[in-house]
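The block underneath contains the structure these notes are about, expressed in structure tokens.
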Amino acid sequence: MTEDINKIGKDLEKSFYLRRPDVVARNLIGNIVLREYHGSRIGGTIVETEAYFGENDEVSHAYRGITERNKSMFKEGGHVYVYFTYGMHYCMNVVCGKMGVGRAVLLRAIRPEFGIETMKSLRKCEATNLTNGPAKLCQALGIDKTLDGISLFSGPVRIVEGQKSGIKIASSFRIGVKESIPRKARYYVVSDEFVSK
DNA sequence: AAGAAGATATGCT
DNA sequence: GCATATCTTCTTA
């Protein structure tokens, strides 16, 4: 599996994740999420992310400290934080920074590229609506609570270098939260049809 | 022990 | 645009 993934792209360096979440969020755009799913590989290029801080960020799950639910958000950068919400949805984050700081980047949308048929069957819908939202993307990639806390370097979920030339990245305020920090922490590819609405 | 809210998606009006 | 599904986790008593 490792060899095949390297044909698509190299794993991002560990040091990539040991930075501020807004920096990681912006630089994740254009890279590729890969999910090993029942022997096949599915995934695509990241086109939309949001940064969540720990302290000074009221809406972050990490704001009130470590709990059973959010404990993997406090791991070292390069791990995965998956949480369950609204009684039916999973969302996936990439943890960043040093161990214990509780910072992460929410993956909000990807461009479906690998294993599109598999993703369609997981989502039961068509390609334009496959992965343009944080919970949709998790459903399409078969991501659930069992993947919470895993490493991006050894498990069934990887992030590898993608082709970044020719894309325009813009920022805005985050979606779906009462904005508490005067900072545009959402990053997305300009005029990409797979960005969430 | 109980209640409220939630980093959402979908379907209907 | 708004209601609703649906259930885990945290907060408060």
Side-chain angles (χ1 to χ4, degrees), chain A residues 17 20-29 33 35 42 44 46-75 77 79-97 101-112 116 119-150 152 157 159 169-189 192-197:
Chain A
Y17 301 103
R20 290 164 39 142
D22 49 342
V23 176
V24 174
R26 186 183 177 95
N27 285 285
L28 273 176
I29 305 280
V33 184
R35 157 79 158 127
I42 59 184
I46 300 170
V47 295
E48 182 181 355
T49 59
E50 279 179 6
Y52 285 85
F53 295 79
E55 69 280 2
N56 305 325
D57 188 1
E58 285 179 19
V59 300
S60 169
H61 289 174
Y63 181 67
R64 286 164 219 285
I66 191 165
T67 66
E68 182 59 29
R69 179 206 204 187
N70 67 15
K71 61 185 177 191
S72 46
M73 197 170 167
F74 289 84
K75 291 194 172 194
H79 286 84
V80 172
Y81 166 47
V82 178
Y83 66 87
F84 183 75
T85 191
Y86 290 106
M88 57 179 76
H89 297 303
Y90 293 101
C91 296
M92 173 183 165
N93 294 250
V94 174
V95 179
C96 22
V101 298
R103 298 174 173 177
V105 173
L106 173 69
L107 265 44
R108 288 197 58 90
I110 67 175
R111 185 188 311 139
I116 291 179
M119 292 195 269
K120 279 186 187 171
S121 62
L122 282 164
R123 284 268 305 136
K124 301 177 173 51
C125 71
E126 288 309 303
T128 54
N129 197 27
L130 221 43
T131 54
N132 57 342
K136 297 180 189 176
L137 157 174
C138 281
Q139 190 182 358
L141 295 181
I143 288 172
D144 62 21
K145 197 88 178 106
T146 63
L147 298 177
D148 182 40
I150 66 170
L152 283 171
V157 180
I159 299 181
I169 301 175
S171 62
S172 76
F173 293 106
R174 294 176 295 189
I175 292 180
V177 297
K178 298 191 266 315
E179 198 51 75
S180 60
I181 53 176
R183 175 187 279 134
K184 295 186 175 179
R186 168 177 176 255
Y187 300 90
Y188 60 98
V189 177
D192 187 297
E193 66 174 308
F194 296 107
V195 169
S196 71
K197 308 266 168 344

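The figures here come from the full heavy-atom set of this structure, side chains too, leaving out hydrogens, waters and symmetry mates. All values derive from a computational prediction rather than experimental measurement.
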How many whole angstroms separate atom CG of Asp144(A) from atom C1' of dT8(C)?
15 Å

Would you mind reading off the distance between Arg108(A) atom CZ and dT8(B) atom C1', rounded to a whole angstrom?
9 Å

With P as the reference atom in both, quote the distance from dA2(B) to dT6(C) in angstrom, rounded to an integer.
23 Å

Salt bridge between Glu55(A) and Arg103(A), side-chain N to carboxylate O under 4.0 Å?
yes

Which nucleotide sits closest to the side chain of Arg69(A): dC10(C), dT8(B), dT10(B)?
dC10(C)

Does any nucleotide pair with dC10(C) by Watson-Crick or G-U wobble geometry, both distances under 3.5 Å, and what is it?
dG3(B)

Atom CZ of Arg64(A) to atom P of dG6(B): distance rounded to whole Å?
10 Å

Would you say the side chain of His61(A) and the base of dA7(B) hold a donor-acceptor pair, judged only by whether the two atoms sit under 3.5 Å apart?
yes

Result for 5'-nearest mapping on DNA chain B, choosing between Gln139(A) and Thr85(A), is Thr85(A)

Pairwise side-chain contact, Ile175(A) with Tyr188(A), heavy-atom cut-off 4.5 Å (strictly under):
no

Nearest listed nucleotide, side chain of Cys91(A), among dA9(B), dT8(B), dT9(C)
dT8(B)

Of the candidate nucleotides dG6(B), dC7(C), dT8(B), which contains the atom at the shortest distance from the side chain of Lys178(A)?
dG6(B)

Under 4.0 angstrom between Arg123(A) side-chain N/O and dT10(B) OP1 or OP2:
yes

Taking the minimum atom-to-atom distance to the side chain of Phe84(A), which one of dT10(B), dT8(C), dT8(B) wins?
dT8(C)

Taking the side chain as every heavy atom from C-beta outward, state whether Leu147(A) and Met92(A) have any atom pair closer than 4.5 Å.
no

Side chain of Met73(A) - closest among dA9(B), dT8(C), dA7(B):
dA7(B)

Stacking check Tyr83(A) vs dA7(B) (5.5 Å / 30 deg):
no

Provide, to the nearest angstrom, the distance between the CZ atom belonging to Phe53(A) and the C1' atom belonging to dA7(B).
14 Å

Distance check needed: dA9(B) P versus Tyr90(A) OH, whole Å only.
15 Å

Rounding to a whole Å, what distance do you find between Met88(A):CE and dT9(C):P?
16 Å

Reading DNA chain C from 5' onward, which residue's closest nucleotide shows up sooner: Tyr86(A) or Lys145(A)?
Tyr86(A)

Distance check needed: dC10(C) C1' versus Glu58(A) CD, whole Å only.
16 Å

Check the angle between the aromatic planes of Tyr86(A) and His89(A) and answer parallel, tilted or perpendicular using the 30° and 60° thresholds.
perpendicular

Could you check how far CG of Asn129(A) sits from P of dA9(B), rounded to whole Å?
9 Å

Do Arg174(A) and Tyr52(A) come close enough that some side-chain heavy atom pair is under 4.5 Å?
yes

